[in-house]
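Quick notes on the structure that follows.
In what follows, every chain begins at residue 1, and chains take the letters A, B, ... in the order their sequences are listed.
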Protein chains: 2
Amino acid sequence: MISHAEENYLKAIFKISEKEVKAASTNAIASEMQTTAASVTDMLKRLAEKNLIVYEKYRGVELSKEGNQVATALIRKHRLWEVFLVEKLGFAWDEVHDMAEQLEHVQGNDLVGRLDTFLGHPKFDPHGDPIPDAEGRWAFRPQSLLSTLKPGDRGVVTGVEDHTPTFLQYLDQLGLTLGAGLELLERFPYDQSVRIRTEDGRELTLSEKVGQNLYLKV
Amino acid sequence: MISHAEENYLKAIFKISEKEVKAASTNAIASEMQTTAASVTDMLKRLAEKNLIVYEKYRGVELSKEGNQVATALIRKHRLWEVFLVEKLGFAWDEVHDMAEQLEHVQGNDLVGRLDTFLGHPKFDPHGDPIPDAEGRWAFRPQSLLSTLKPGDRGVVTGVEDHTPTFLQYLDQLGLTLGAGLELLERFPYDQSVRIRTEDGRELTLSEKVGQNLYLKV
DNA sequence: TAATATTTTTAGATTAGTCTAAATTTTTAA
DNA sequence: TTAAAAATTTAGACTAATCTAAAAATATTA
């Protein structure tokens with residue numbers, strides 16, 4: 001039996017391992033989980049005991065094969081529930097994270113499978129993040145950060161790096177939601193801000209920070 | 001903040017209070033919650049501390065106004081999620097209880113309201129139990145146990161008293177699901193079993209036990 | 001109404017998950 | 001390459017929720 005707390009740690013380790021090449025450190029996990037290093041060490045012992053992670057004192061951790069499966073299944077559930085909340089219940093993309101965080105822990109015989117079918121087997125969640133299939137396979141979609149585009153490049157918004165409500169609401173305000181098209185007009189070397197034209201003809205200036213958190217298919 | 005465990009106790013007390021006139025006893029709660037009397041006493045102290053129940057040592061408990069609201073909201077959520085699981089995800093009525101038991105604890109700004117709207121404001125759940133509205137008002141539907149019908153009476157199945165999967169699956173097998181019509185042909189005084197005719201013309205013999213667990217609108 | 005049975009509460013322990021503070025190990029850099 | 005800094009672990013404690021066994025209160029009945 002894997003507790004909710006244990007599941008959340010596995011997901012945190014998965015997230016860190018996605019970005020870092022090396023094993024996930026105690027501090028990185030503590031920061032991701034908003035807790036203390038001491039609590040993390042305690043939990044790592046439990047997870048290692050259950051063979052969900054490979055843990056060597058002072059050396060950080062990696063997910064075991066089984067731990068990886070648990071984390072992947074959780075992310076699958078989380079993202080499917082997000083699709084449900086947005087597509088079926090009409091929530092905005094900045095409102096669904098906390099609810100999905102709870103819904104992902106609900107257990108039931110084939111609940112995920114039926115939810116997936118009900119939603120039409122979506123491949124991406126409302127933020128553009130890929131949803132692994134029942135076998136844990138990830139869909140791939142080539143995309144680039146806005147900050148890597150050159151003047152003249154056109155693209156369609158496909159995802160975000162920053163998932164905070166503030167950023168998502170700002171994008172809503174700018175009309176830069178998933179599927180929105182744009183053309184990069186000019187990049188200002190002084191602060192790396194960019195000028196873009198939206199598909200409905202508006203011209204906008206976006207900061208470097210926005211550029212580093214918005215993904216596009218070019 | 002009310003914990004999941006506390007919520008479950010409030011629901012248990014609500015259930016008992018529905019049937020009993022007197023205050024809910026420690027033992028009755030222990031039995032409903034599948035735990036020990038000692039654990040119940042501990043929890044009753046916590047709930048009384050939070051003013052969710054009115055508790056006098058050795059005298060049993062009743063829900064306070066606030067406790068009643070919490071319990072009613074929980075039952076509303078539980079039953080709405082059951083409708084979702086059956087109507088939208090295609091689960092059978094005997095499969096949804098445990099999942100709804102988890103889903104009812106999910107918190108979210110207007111999650112219940114949106115779910116209710118999405119489902120079309122259902123008044124009854126898949127077992128025929130009423131779903132309180134957002135203000136905690138209960139729909140009333142006049143119904144009688146099969147065991148109270150007389151020969152010649154006709155009725156439509158509207159609910160069950162026993163919610164166990166075995167009983168629900170047995171009813172499926174007999175074709176006596178919600179909405180099924182029947183006529184009581186004869187009652188055998190020896191064991192209070194009854195002979196009925198279904199709307200599609202089949203004749204069935206049902207035990208006293210079935211009679212005491214099946215509700216009909218006559 | 002007094003003895004017995006039943007119910008309820010208390011006492012003391014346990015577990016998961018968390019914390020702070022202290023000790024230890026690893027890393028960094030003078 | 002050793003001293004200081006940073007990261008990690010250990011030690012000890014806390015809380016919520018649970019348990020068993022014993023004590024106390026209430027209910028039953030002879």
Side-chain angles (χ1 to χ4, degrees), chain A residues 1-13 15-17 19-63 67 70-71 74 101-102 104-105 107, chain B residues 1-13 15-17 19-63 67 70-71 74 101-102 104-105 107:
Chain A
M1 199 71 267
I2 302 176
S3 72
H4 289 191
E6 288 168 342
E7 288 187 332
N8 287 334
Y9 272 94
L10 293 175
K11 207 168 46 136
I13 296 166
K15 270 195 188 173
I16 295 163
S17 305
K19 311 215 165 166
E20 308 263 337
V21 186
K22 324 188 287 181
S25 75
T26 301
N27 263 355
I29 299 168
S31 157
E32 176 72 32
M33 293 290 295
Q34 306 265 62
T35 184
T36 62
S39 304
V40 173
T41 301
D42 283 352
M43 180 57 92
L44 294 184
K45 287 179 191 167
R46 276 194 287 276
L47 293 173
E49 190 60 40
K50 293 187 177 186
N51 291 312
L52 293 163
I53 58 173
V54 182
Y55 173 45
E56 208 184 331
K57 265 192 182 181
Y58 295 102
R59 292 274 109 110
V61 289
E62 285 175 4
L63 293 176
V70 173
L74 266 183
E101 205 73 16
Q102 301 169 64
E104 73 191 9
H105 297 292
Q107 307 280 341
Chain B
M1 200 69 269
I2 302 176
S3 72
H4 290 190
E6 288 168 342
E7 288 187 332
N8 288 332
Y9 272 94
L10 293 175
K11 209 169 45 139
I13 297 166
K15 270 195 190 173
I16 293 163
S17 306
K19 312 217 164 166
E20 308 263 336
V21 185
K22 325 189 288 180
S25 74
T26 302
N27 262 355
I29 299 168
S31 157
E32 175 72 32
M33 293 291 295
Q34 305 266 63
T35 184
T36 62
S39 303
V40 173
T41 302
D42 282 352
M43 181 56 91
L44 295 183
K45 287 180 190 165
R46 276 195 288 274
L47 293 173
E49 190 59 40
K50 294 187 177 183
N51 291 311
L52 293 164
I53 59 172
V54 181
Y55 172 46
E56 209 182 331
K57 264 190 182 183
Y58 296 102
R59 291 275 109 110
V61 289
E62 284 176 5
L63 292 177
V70 173
L74 265 183
E101 205 73 15
Q102 300 170 65
E104 73 190 9
H105 296 293
Q107 309 280 340

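If you measure from atom CD of E6(B) to atom P of dA16(D), you get 9 Å, rounded to the nearest angstrom. Separating the CG atom of D42(A) from the C1' atom of dT8(D) is a distance of 12 Å, rounded to the nearest angstrom. The nearest whole Å value for the distance from the CG atom in L44(B) to the P atom in dA16(D) is 16 Å. When rounded to the nearest whole Å, the span between OH of Y55(A) and P of dA7(D) equals 16 Å. We find that CE of M43(B) is positioned 5 Å from P of dA17(D), with the value rounded to whole Å. With rounding to whole Å, L47(B) atom CG is found 15 Å from dT18(D) atom C1'.
When each of V61(A), I2(A), V70(A), I53(A) is checked for a side chain to side chain contact (heavy atoms under 4.5 Å, CB included) with L47(A), only I53(A) meets the rule.
Looking at Y55(B) and T41(B), their side chains come closer than 4.5 Å, going by heavy atoms from C-beta outward. The shortest side-chain heavy-atom distance between L74(B) and L10(B) does not fall under the 4.5 Å cut-off. Taking the side chain as every heavy atom from C-beta outward, L63(A) and L52(A) never approach each other to under 4.5 Å. At least one side-chain heavy atom of I13(A) sits less than 4.5 Å from a side-chain heavy atom of L44(A).
Ionic pairing of K11(B) and E101(B) is present here: one or more N-O contacts between side-chain nitrogen and carboxylate oxygen are shorter than 4.0 angstrom.
With sequence neighbours left out, Q102(B) forms a side-chain hydrogen bond (donor to acceptor under 3.5 Å, both in side chains) with no residue at all.
With a cutoff of under 4.0 Å to any heavy atom of chain B, the contacted region of DNA chain C is bounded 5' to 3' by dT7(C) to dT10(C).
Nearest-nucleotide mapping onto DNA chain C: of G60(B) and S3(A), the residue sitting toward the 5' end is G60(B).
Contacts between residues 32-41 of chain B and DNA chain C, counted as heavy-atom distances below 4.0 Å, involve A37(B), A38(B), T41(B).
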Quick one: which protein N/O atoms are closer than 3.5 Å to N/O atoms of nucleotides 25-27 of chain D? Pair and distance per line, please.
{"residue": "dA25(D)", "atom": "O4'", "partner": "Y58(B)", "partner atom": "OH", "Å": "3.4"}
{"residue": "dT26(D)", "atom": "O3'", "partner": "R59(B)", "partner atom": "NH2", "Å": "3.4"}

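Note that the NZ atom of K15(B) and the CD atom of E20(B) stand 14.0 Å from one another [nearest 0.5 Å].
Between A23(A) and G60(A), the closest heavy-atom pair is CB-C, 3.9 Å.
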Please tabulate, for the side chains in residues 29-40 of chain A, all donor-acceptor contacts under 3.5 angstrom to protein atoms that are two or more places apart in sequence or on a different chain.
{"residue": "T36(A)", "atom": "OG1", "partner": "S39(A)", "partner atom": "N", "Å": "3.3"}
{"residue": "T36(A)", "atom": "OG1", "partner": "S39(A)", "partner atom": "OG", "Å": "2.9"}

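Sorted by first and then second residue, the pairs that involve residues 44-54 of chain B and meet side-chain hydrogen bond (donor to acceptor under 3.5 Å, both in side chains), not counting sequence neighbours, are E6(B)-K50(B).
Considering only side-chain N and O atoms, R46(B) lies nowhere under 4.0 angstrom from the phosphate OP1 or OP2 of dA16(D).
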